[in-house]
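Note that the structure is a prediction, hence the values are computed from the model and not measured. The basis for the numbers below is simple: all heavy atoms, side chains too, and nothing from hydrogens, waters or symmetry mates.
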Amino acid sequence: MTSTIKTSNDKLVTKIKNFLKRQKSFCVTTCTNGIYAITILDTDDLELFYQVERVIRHFNLTKQQEPKALAA
């Protein structure tokens, strides 16, 4: 399972990547129109949940859900 963390702050991206590297997590970073996306890969559901919670707590981030499309 994968999860994505998005931010527009390039310094925060570097800090999050270093934090995930210390936690021995595999992540990929992409940049589109000034928005950085860090995708955490190859973890089971429970480990991914705890990993994302650690990042959110460590960097004082907010958790936002993707907007859902309305049915026609």
Side-chain angles (χ1 to χ4, degrees):
M1 185 162 194
T2 64
S3 184
T4 303
I5 301 170
K6 293 181 181 179
T7 184
S8 59
N9 187 338
D10 57 343
K11 292 181 182 184
L12 183 60
V13 169
T14 305
K15 289 179 181 182
I16 292 173
K17 282 177 50 179
N18 290 336
F19 180 79
L20 291 171
K21 188 181 285 187
R22 285 192 307 271
Q23 299 293 323
K24 297 189 179 12
S25 294
F26 183 71
C27 62
V28 176
T29 306
T30 57
C31 181
T32 306
N33 296 329
I35 302 295
Y36 295 93
I38 302 169
T39 305
I40 304 170
L41 303 168
D42 295 333
T43 56
D44 60 353
D45 293 341
L46 186 61
E47 180 60 31
L48 182 63
F49 173 76
Y50 286 124
Q51 194 69 1
V52 170
E53 291 297 319
R54 280 186 227 130
V55 170
I56 290 171
R57 198 173 336 117
H58 186 77
F59 292 103
N60 297 321
L61 304 175
T62 58
K63 194 176 203 177
Q64 296 179 343
Q65 298 293 329
E66 292 287 329
K68 305 262 191 275
L70 297 174

Within one Ile-Leu-Val-Met-Phe-Trp-Tyr cluster: Ile5 and Ile56, side-chain cutoff 4.5 Å
yes
Within this structure, what is the CG-OH distance for the pair Leu12 and Tyr36, rounded to the nearest 0.5 Å?
11.0 Å
Side-chain contact test, heavy atoms from C-beta onward, threshold under 4.5 Å: evaluate it for Leu20 versus Ile38 and give yes or no.
yes
What pairs of donor and acceptor atoms, side-chain ones from residues 21-29 against any protein atom, are under 3.5 angstrom apart with sequence neighbours left out?
from, atom 1, to, atom 2, distance (Å)
Gln23, OE1, Arg54, NH1, 3.4
Ser25, OG, Gln51, NE2, 2.9

Say you draw a straight line from OG1 of Thr4 to CD1 of Ile40; how long is it, rounded to the nearest 0.5 Å?
8.0 Å
Distance (rounded to the nearest 0.5 Å) between Lys6 NZ and Thr32 OG1:
8.5 Å
Kindly assign one of parallel, tilted or perpendicular to the pair Phe19 and Phe59, based on the angle between their ring planes and the thresholds 30° and 60°.
perpendicular
